[in-house]
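Worksheet: the structure to be examined is printed underneath.
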Amino acid sequence: MARLTILRYPDPRLHKIAAPVAAVDDKIRRLADDMVETMMAADGVGLAATQVDVHLRLIVMDASETRDHPIVLINPEIIARSEEMRVAEEGCLSVPQIYDQVERHARVTVRALDRAGETFEMEAEGLAAICVQHEMDHLVGKVFVEYLSSLKRDRIRTKMLKKTREEQRG
């Protein structure tokens, strides 16, 4: 397995729309494994392939309390959403150290393929529901800061660009 490089906002590649995975093969399973390793090393709860500059409909997540139950979702689609909404603090591995309140559906049902290419459905609530909605946004080129005001978004953009420049200078 290998750790992948996570794109940082406002990288324009984060806005690419992911294509469906045509076949669940060893290459896709290896990508999923690398994404799980990358997510865990970064202390994240979820990671979309878009964030590692692979524009395929693949996400990994682990919202378990013990952080030892990673889930792979290939070609995920939300098939049901609760009417109830919840506001919770979100962060993102592509926008490090930035957190803000985002409103999401309290519960969702997702249909996807697993690592074996088998279809399954998953009901999610709480952190898992937030995570799956957040990661699926990445697959359509949306970063959580886009839910914030333009003023906050501009401040975050400036902060991320400054941080990138400082890191490049060493």
Side-chain angles (χ1 to χ4, degrees), residues 1 3-4 6-9 14-21 24 28-29 31-52 54-149 152-153 156 160:
M1 293 199 294
R3 290 192 188 159
L4 306 169
I6 298 172
L7 299 177
R8 183 180 290 165
Y9 181 81
L14 288 168
H15 299 291
K16 287 186 176 180
I17 295 175
V21 171
V24 180
I28 293 296
R29 283 187 279 276
L31 173 61
D33 292 344
D34 290 347
M35 287 173 58
V36 168
E37 181 179 342
T38 302
M39 173 186 73
M40 294 298 194
D43 200 28
V45 177
L47 186 66
T50 300
Q51 292 176 271
V52 294
V54 177
H55 303 283
L56 294 172
R57 293 188 57 78
L58 168 61
I59 64 176
V60 298
M61 58 183 276
D62 188 347
S64 68
E65 282 188 33
T66 52
R67 300 294 314 280
D68 59 356
H69 288 78
I71 299 169
V72 175
L73 299 159
I74 301 167
N75 295 336
E77 59 179 315
I78 294 176
I79 57 173
R81 295 171 173 81
S82 66
E83 287 187 28
E84 179 187 357
M85 303 295 283
R86 290 237 169 92
V87 175
E89 187 173 78
E90 286 189 31
C92 180
L93 294 177
S94 291
V95 194
Q97 300 170 336
I98 301 292
Y99 302 90
D100 213 314
Q101 303 292 312
V102 177
E103 184 178 49
R104 304 260 187 202
H105 294 275
R107 289 174 304 288
V108 294
T109 303
V110 180
R111 180 182 299 136
L113 301 176
D114 63 15
R115 292 179 90 259
E118 300 295 322
T119 301
F120 73 101
E121 290 184 8
M122 175 181 91
E123 291 187 18
E125 63 181 315
L127 180 59
I130 293 165
C131 182
V132 76
Q133 291 172 85
H134 175 111
E135 300 309 330
M136 287 184 68
D137 275 352
H138 280 298
L139 300 181
V140 295
K142 189 169 186 177
V143 180
F144 93 99
V145 297
E146 293 173 49
Y147 288 98
L148 308 178
S149 71
K152 281 186 178 181
R153 214 172 29 251
I156 292 167
M160 291 294 106

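Heavy-atom basis, side chains included; hydrogens, waters and symmetry copies ignored. These numbers come from a predicted model, not from an experiment. Positions are given from 1, in the same order as the sequence printed here.
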Whether the side chain of R57 engages the backbone of I74 through a donor-acceptor N/O pair (distance < 3.5 Å, no angle test) should be reported.
no
Write down the atom of V110, the atom of P76, and the distance for their closest heavy-atom approach.
CG1-CB, 4.0 Å
Please check if the side chain of T38 supplies one atom and the backbone of L4 the other of a donor-acceptor pair under 3.5 Å.
yes
Would you give the length of the straight line joining atom CD of Q97 to atom CD1 of I156, rounded to the nearest 0.5 angstrom?
12.5 Å
Can you find a pair of side-chain heavy atoms, one from V60 and one from L73, that are under 4.5 Å apart?
no
Is it true that, when you exclude E103 itself, more than 12 heavy atoms of the residues, nucleotides or ligands shown sit nearer than 6.0 Å to its CD?
yes
What pairs with F144 under ring pair (Phe, Tyr, Trp, His ring centres under 6.0 Å), at least two apart in sequence or on another chain?
H134
Are any of the side-chain heavy atoms of V102 and V87 separated by less than 4.5 Å?
no
Under a 4.5 Å cut-off applied to non-hydrogen side-chain atoms, are V24 and R115 in contact?
no
Spatial distance of atom CG (L113) from atom CD (E77) [nearest 0.5 Å]:
9.5 Å
Other residues, nucleotides, ligands: >12 heavy atoms within 6.0 Å of E65 CD:
no
For S82 against A106, the heavy-atom pair lying closest together:
OG-N, 3.2 Å
Grab the two heavy atoms, one from D114 and one from A116, that are nearest each other, plus how far apart they are.
OD1-N, 2.9 Å
Quick one: do M61 and L47 satisfy side-chain contact (heavy atoms from CB on, under 4.5 Å)? Show the steps, please.
CA-CA 6 Å; M61 58 183 276; L47 186 66; over 6 Å; no
Sidechain-backbone polar pair: Q51 side chain, A48 backbone, donor-acceptor under 3.5 Å
yes
Counting only heavy atoms not in Q101 (residues, nucleotides, ligands), do more than 12 fall under 6.0 Å from its CD?
yes
What pair of heavy atoms forms the shortest contact from I6 to A42, and how long is it?
CD1-CB, 4.2 Å
For M35 and V52, what are the C-alpha separation, side-chain angles and deciding distance, and is it a side-chain contact (heavy atoms from CB on, under 4.5 Å)?
CA-CA 8 Å; M35 287 173 58; V52 294; 4.2 Å; yes
Is there a donor-acceptor pair closer than 3.5 Å between any side-chain N or O of Q133 and the backbone N or O of H105?
yes
With no hydrogens and no angle check, do the side chains of Y147 and D100 hold a donor and an acceptor under 3.5 Å apart?
no
Taking atom CD as the centre, does E123 end up with more than 12 heavy-atom neighbours from other residues, nucleotides or ligands that are less than 6.0 angstrom away?
no
Not counting sequence neighbours, which residues clear salt bridge (Lys or Arg N to Asp or Glu O under 4.0 Å) with D68? List them please.
none
Set out, in order, the CA-CA distance, both residues' side-chain angles and the distance that settles salt bridge (charged side-chain N to carboxylate O under 4.0 Å, His left out) for R104 and E90, then state yes or no.
CA-CA 10 Å; R104 304 260 187 202; E90 286 189 31; 2.7 Å; yes
Which distance, rounded to the nearest 0.5 Å, do you find between the CE of M122 and the CD1 of I71?
5.0 Å
Can you list the steps and then say if T119 with R111 is a side-chain contact (heavy atoms from CB on, under 4.5 Å)?
CA-CA 7 Å; T119 301; R111 180 182 299 136; 3.7 Å; yes
Compare all side-chain heavy atoms of M39 with those of D62 and state whether any distance is below 4.5 angstrom.
yes
Verdict with reasoning, V108 to M136, per side-chain contact (heavy atoms from CB on, under 4.5 Å)
CA-CA 12 Å; V108 294; M136 287 184 68; over 6 Å; no
Closest heavy-atom pair, R3 versus A41, reported as atoms and distance to 0.1 Å, is NE-CB, 3.2 Å
Between H138 and T50, which heavy-atom pair has the shortest distance, and what is it?
O-OG1, 3.4 Å
To the nearest 0.5 Å, what is the distance between CG (L14) and CG (D137)?
12.5 Å
Side chain proximity check, P96 to M160, heavy atoms < 4.5 angstrom:
yes
Can you tell me how far OG1 of T109 sits from CZ of R107, rounded to the nearest 0.5 angstrom?
9.5 Å
I'd like to know if the side chain of N75 reaches the main chain of V21, judged simply by a donor and an acceptor atom lying under 3.5 Å from each other, with no hydrogens or angles considered.
yes
